[in-house]
Amino acid sequence: MSTALSSRYKNLQVEGRGPVVVLRIHRPDVLNALNRETLGEIEDCARRFVADAEQHALIVTGSGAKSFISGADINELAVLDPRGAEDISRFGQRVLDVLEQSPKPVIAAINGYAFGGGCELALACHLRLASENAVLGLPEVSLGIIPGYGGTQRLPRLVGPARAIELMTTARRVKADEAERIGLVNRVVAQDQLLAEAEKLALAILKNGPLAVAAVLEAVNRGMQLPLADGLRFESGLFGILAASEDMHEGLKAFLEKRPAQYQRR
Ligand code: COA
């Protein structure tokens, strides 16, 4: 069953599909470019998702068949002074951090153009599915600017520094098949199947122990920023914390009793 929840926002359409929330960026006149107002709405929506006990996975996509997000809104960028530029960069980073730090899975369903801030938003999601018509890139240098919503930091972590530097310095845009080959997206799917596949992926994750899934997300996110030895210690800490949960005992017991686990999120 799907429920529209979108009346709260001007530039977002939000739809509940059982435990999965679909957030669509909706600014058709500018191919879903992110202005400050939209960033603020995404932050609000993401924080509500994280806090909501009934919502367990978030899919972010763009409205229409052509564009995921065409980038930061160039109309706003064009009038920035140095202070305003740094400020909008920090704001965009903060908003995308909410997605990345969500303890519940966040999936980008990239349904077309994902440039600049749109690509950066996808990079902050835990998983990325792309439709066959998707094109991704961080073309900021072609405008005389740099990625400011985390792209210079997240892209090299995902595809390696050499590929990241090539893509960001040439401003080259990559089609879906290349994006998949270099690990920029997890998988390419037919355009008309994109949302269904994203939902299927979300539901596959939601079958598993939710505290364990949250611990994986935290271990990977934090671990990517740590030396290996510190990351390993962090992993062991989370492993120990999970052992205090009812869910861990339920998961292991259910296997031994040959029945599906009934996770209680505690
Ligand atoms: N910010 C503001 N407006 C944007 C935009 C952005 N990032 N991207 C597209 N638009 C606007 C266009 O100006 C155009 O407005 P208009 O109808 O008033 O002229 C409208 O969206 C449609 O775009 P258009 O360029 O006509 O569509 P297209 O299909 O020919 O090309 C793109 C689509 C995405 C390839 C092209 O618009 C583009 O290169 N956009 C900029 C991408 C970018 O550099 N992003 C990083 C920004 S930091």
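One-based numbering along the sequence shown. Order of listing sets the numbers, starting from 1, for every ligand and every atom in it.
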Between R181 and D177 (salt bridge meaning N to carboxylate O under 4.0 Å), is one present in this structure? no

Could you walk me through whether R172 and E166 pass the salt bridge (charged side-chain N to carboxylate O under 4.0 Å, His left out) test, one step at a time? CA-CA 8 Å; R172 188 166 70 82; E166 185 204 324; 3.4 Å; yes

For Q264, check side chain to side chain donor-acceptor pair (under 3.5 Å) against everything at least two apart and list the hits. none

Nearest non-hydrogen contact with atom 1 (N) of ligand 1 belongs to which option: I74, L31, V141? I74

Exercise check, heavy-atom protein proximity under 4.0 Å to atom 3 (N) of ligand 1: yes

closest protein heavy atom to atom 10 (N) of ligand 1 is V30 O, 3.9 Å

Going by a strict under-4.0 Å cutoff (protein heavy atoms only), does atom 43 (C) of ligand 1 have a neighbour on the protein? yes

Mark the output for G117 as yes if a heavy-atom distance to ligand 1 is under 4.0 Å, and as no if none is. no

Can you sort out which atoms of ligand 1 are near R173, meaning under 4.0 Å from one of its heavy atoms? 35 (C), 39 (O), 44 (O)

Which pairs, with at least one residue in residues 123-141 and sequence neighbours excluded, count as a salt bridge (Lys or Arg N to Asp or Glu O under 4.0 Å)? none

Using a distance threshold of 4.0 Å (strictly less than), state whether atom 8 (N) of ligand 1 has a protein heavy-atom neighbour. yes

Can you check whether a protein heavy atom sits less than 4.0 angstrom from atom 29 (O) of ligand 1? yes

Once you restrict to heavy atoms under 4.0 Å, what part of P139 touches ligand 1? Side chain, backbone, both or neither. side chain

Rounded distance [0.5 Å steps], CG in L195 versus NZ in K200: 13.0 Å

Side-chain heavy atoms of I182 within contact of L167, under 4.5 Å: yes

Answer yes or no for atom 26 (O) of ligand 1: protein heavy atom present at a distance under 4.0 Å? no

For atom 23 (O) of ligand 1, is the nearest protein heavy atom under 4.0 Å away? yes

With heavy atoms of N75 as the reference, note each atom of ligand 1 found under 4.0 Å away. 2 (C)

Just so I know, are the side chains of C45 and R8 near enough to count as touching, which here means a heavy-atom distance under 4.5 Å? no

Of all the non-hydrogen atoms in the protein, which one sits nearest to atom 45 (N) of ligand 1, and at what distance? S70 O, 2.9 Å

Out of L143, D73, I146, who is nearest to atom 47 (C) of ligand 1 when you count heavy atoms only? L143

Would one find more than 12 heavy atoms of other residues, nucleotides or ligands at under 6.0 Å from atom CD of Q225? yes

Does some non-hydrogen atom of D29 fall short of 4.0 Å from ligand 1? yes

For the atom pair CG (L194) and CZ (F68), what is the distance rounded to the nearest 0.5 Å? 9.5 Å

Just to confirm, does any protein heavy atom lie below 4.0 Å from atom 13 (O) of ligand 1? no

Would you confirm whether any non-hydrogen atom of the protein falls under 4.0 Å from atom 19 (O) of ligand 1? no

Taking all heavy atoms of P260 and all of E250, pick out the closest pair and write down the distance. O-OE2, 4.3 Å

Taking every heavy atom of A198 against every heavy atom of I107, the minimum-distance pair comes out as O-CD1, 3.7 Å

